[in-house]
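On a predicted model such as this, the values are computed, not experimentally measured, just so you know. Heavy-atom basis, side chains included; hydrogens, waters and symmetry copies ignored.
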Amino acid sequence: MSDKITSIDPSTVPSYTLSTGEKMPAIGMGTFGSDHFSAEDISDAVAGAIDFGYRLFDCASVYGNEDLIGKVFKNAFDKGTVKREDLFIMSKVWNDQHREVEKSIDKTLKDLQLTYLDAYFIHWPFPNYHAPFANADDRNPDSKPFSVDEFMDTWHQLEDAYDKGLIKNLGMSSMTIPKLEAVLPLCRIKPTLIEVEQHPAFQQPDLYQYIVDHDIQPVGFMPLGSPTRPDRDKVAEDVDDMKMPELVAIAKAHNVHPALICLKWAFQRGSIPIPFSIYPAEYQSNLTSITEDPLTDKEMKTMATLDKNNRLVKGEVFLWPGADDWQALWDIDGTITKE
């Protein structure tokens, strides 16, 4: 495929109906790439993606590019390429803003040049902050273990923003079953969406089923195994999803790149993948991957066998004093890690 921007009919892209009754595109574009690509690269990709037919965009204040993406959105609205209600735009509160959620929302709305967000997430379930481009060994001495009270204080601020019409759907991200069991009963407004790391080598089947069973829509980040993830998140033992022989064989059978098999699998499983690319040939084929040539039942069963429990975003930079192992962030023993 050439780099020339063509377009597809957005109505041909499948959607999911959320617990609120709203419809949400079944695939979107992520906008995190600040470790390898400039904000201009990313905003240009968003512009091209809108022209091509994307209608779902996953943003975040910490990505450092919402102001440029906002100019792209405004230009698309002004040109009549899309109406505001045609887009499903998501953003997130960063860890250092957990006590000032509405201030964070106001900044994002100003940067994105919007009056409301379709969804807003608590980016990480604790207010542990790290400086940009921190490495895996860096630690903030003020970091603390997960606190139900602290999390719910932040969540209630999201609920207040919902009441004011600033956000239409509330979301959580990078949660565990023990954390969800602790906070879901305390929510006045239940999350509509939960973002989880999800790719063939890290399927999180128990967490995934827990989310679905609670009528919450899973959104999968890093759906391709994120080869352009920050270097701090790379270790020698990581599995390269797109080189697993079984996945490569399925890709050959469909005559497509293995990345598209990852996306077909995610969609057919019931998740909403949000892959990122600045290259038109890639983001175009990402979008159309779920509109044609589905995986067979046999292939889906094969994909289910590829789980290696290989978490890529381990989160070491969020560890608190006294916690030496990244697994403390993920409640591996089935209980919330307190220290």
Side-chain angles (χ1 to χ4, degrees), residues 10-11 13-32 46 49-50 54-63 66-67 69-70 72-74 76-77 81-94 97-98 100-125 151-175 180 183-184 186-196 211-212 214-221 270-274:
S11 68
V13 178
S15 63
Y16 288 120
T17 301
L18 306 177
S19 60
T20 56
E22 295 178 72
K23 289 193 176 297
M24 179 177 179
I27 188 170
M29 174 182 270
T31 58
F32 173 62
V46 170
I50 292 174
Y54 276 84
R55 295 297 180 258
L56 168 62
F57 295 92
D58 181 66
C59 306
S61 59
V62 75
Y63 299 165
E66 289 191 328
D67 56 338
I69 292 173
V72 169
F73 288 154
K74 184 177 188 303
F77 300 149
T81 305
V82 289
K83 298 177 181 177
R84 169 64 186 96
E85 57 269 24
D86 295 334
L87 297 185
F88 198 105
I89 301 170
M90 311 192 295
S91 188
K92 313 174 190 75
V93 60
W94 187 236
Q97 295 285 301
H98 278 205
E100 299 180 302
V101 172
E102 188 165 337
K103 178 181 176 182
S104 177
I105 293 173
D106 287 344
K107 175 73 161 56
T108 282
L109 289 174
K110 179 180 178 182
D111 285 346
L112 292 177
Q113 303 195 43
L114 306 172
T115 58
Y116 69 89
L117 291 161
D118 295 280
Y120 196 70
F121 294 77
I122 299 180
H123 204 149
W124 281 83
F151 183 91
M152 290 311 302
D153 176 88
T154 306
W155 188 257
H156 293 323
Q157 293 176 67
L158 264 71
E159 293 173 332
D160 291 343
Y162 173 90
D163 292 339
K164 294 177 180 179
L166 300 177
I167 53 181
K168 289 191 170 185
N169 293 277
L170 281 57
M172 300 176 183
S173 180
S174 294
M175 296 290 280
L180 290 171
V183 301
L184 287 181
L186 305 177
C187 295
R188 175 171 63 87
I189 301 173
K190 191 177 78 168
T192 308
L193 304 162
I194 292 182
E195 284 201 10
V196 296
I211 292 169
V212 171
H214 284 77
D215 198 22
I216 302 169
Q217 174 62 51
V219 178
F221 64 82
S271 182
I272 296 176
I274 44 174

Any side-chain heavy atom of Ile272 within less than 4.5 Å of one from Leu56? yes
Which heavy atom in Thr192 sits nearest to a heavy atom in Ser19, and how many Å separate them? CG2-OG, 4.0 Å
By ring pair (Phe, Tyr, Trp, His ring centres under 6.0 Å), which residues pair with Phe73, not counting sequence neighbours? Phe57
Do you know the tightest heavy-atom contact between Pro218 and Gly270? CD-O, 4.1 Å
Do Val183 and Trp155 have side-chain heavy atoms sitting under 4.5 Å apart? no
Which distance, rounded to the nearest 0.5 Å, do you find between the CD1 of Ile50 and the CG of Asp86? 10.5 Å
First locate atom OG1 of Thr115, then atom CG of Leu109, and finally report the distance between them rounded to the nearest 0.5 Å. 7.5 Å
Testing the basics here: between Ile122 and Trp124, what is the closest heavy-atom pair and its distance to 0.1 Å? CG2-O, 3.1 Å
Is there a side-chain contact between Ser61 and Glu66 in this structure, where contact means two heavy atoms from C-beta onward sitting under 4.5 Å apart? yes
What heavy-atom pair brings Lys92 and Ala60 nearest, and what distance separates the two atoms? NZ-CB, 3.8 Å
Strictly distance-based, threshold 3.5 Å: is any side-chain N or O of Gln113 a donor or acceptor partner for the main-chain N or O of Val72? no
I need the minimum non-hydrogen distance between Met29 and Ala49, along with the two atoms involved. CE-CB, 3.5 Å
Can you check whether Leu184 reaches Met172 side chain to side chain, under 4.5 Å on heavy atoms? yes
Heavy-atom distance under 4.5 Å between the side chains of Asp215 and Lys190, does that happen here? yes
The salt bridge (Lys or Arg N to Asp or Glu O under 4.0 Å) partners of Asp153 (sequence neighbours excluded) come to Arg99
Roughly how far, to the nearest 0.5 Å, is CZ of Phe121 from CG of Leu158? 10.0 Å
How long is the gap from CD1 on Ile69 to CG on Asp111, to the nearest 0.5 Å? 10.0 Å
Less than 4.5 Å apart, any side-chain heavy atom of His214 and any of Ile194? no
What distance separates Ile167 CD1 from Asp160 CG, expressed to the nearest 0.5 Å? 9.5 Å
May I ask you to test the Met175-Phe151 pair for a side-chain heavy-atom distance under 4.5 Å? yes
Run the salt bridge (Lys or Arg N to Asp or Glu O under 4.0 Å) test against Glu22 and tell me which residues pass, sequence neighbours left out. none
Going by salt bridge (Lys or Arg N to Asp or Glu O under 4.0 Å), name the residues that satisfy it together with Asp106, two or more places apart in sequence or in a different chain. none
Looking at Phe221 and Ser173, what are the two nearest heavy atoms and their distance? CE2-OG, 4.1 Å
Could you check if a side-chain atom of Asp58 sits within less than 4.5 angstrom of a side-chain atom of Tyr63, using non-hydrogen atoms only? yes
Residues at least two apart in sequence or cross-chain that pass salt bridge (Lys or Arg N to Asp or Glu O under 4.0 Å) with Lys164, listed by chain then number, are Glu102
Restricting to side chain to side chain donor-acceptor pair (under 3.5 Å), what partner residues turn up for Glu195, sequence neighbours left out? none
Mind checking side chain to side chain contact (heavy atoms under 4.5 Å, CB included) for Leu186 and listing every partner two or more places apart, or none if nothing turns up? Val148, Met152
Nearest 0.5 Å, what's the CG-OG1 distance between Leu170 and Thr20? 10.5 Å
For the pair Gln217 (side chain) and Leu18 (backbone), establish whether a donor and an acceptor sit closer than 3.5 Å, ignoring hydrogens and angles. no
His156: ring pair (Phe, Tyr, Trp, His ring centres under 6.0 Å) partners, not counting sequence neighbours: none
Plane angle bin for His123 and Trp94 - parallel if under 30°, tilted between 30 and 60°, otherwise perpendicular: perpendicular
Those residues that, when tested against Lys110, pass side chain to side chain contact (heavy atoms under 4.5 Å, CB included) (two or more places apart): none
Mind checking what makes side chain to side chain contact (heavy atoms under 4.5 Å, CB included) contact with Asp118, not counting sequence neighbours? Arg84, Phe88, Ile89, Tyr116, Lys168
Going by the rule ring pair (Phe, Tyr, Trp, His ring centres under 6.0 Å), which residues pair with Phe77 if we only count those two or more places apart in sequence or in a different chain? none
Run the side chain to side chain contact (heavy atoms under 4.5 Å, CB included) test against Gln97 and tell me which residues pass, sequence neighbours left out. Val93, Glu100, Lys103, Ser104
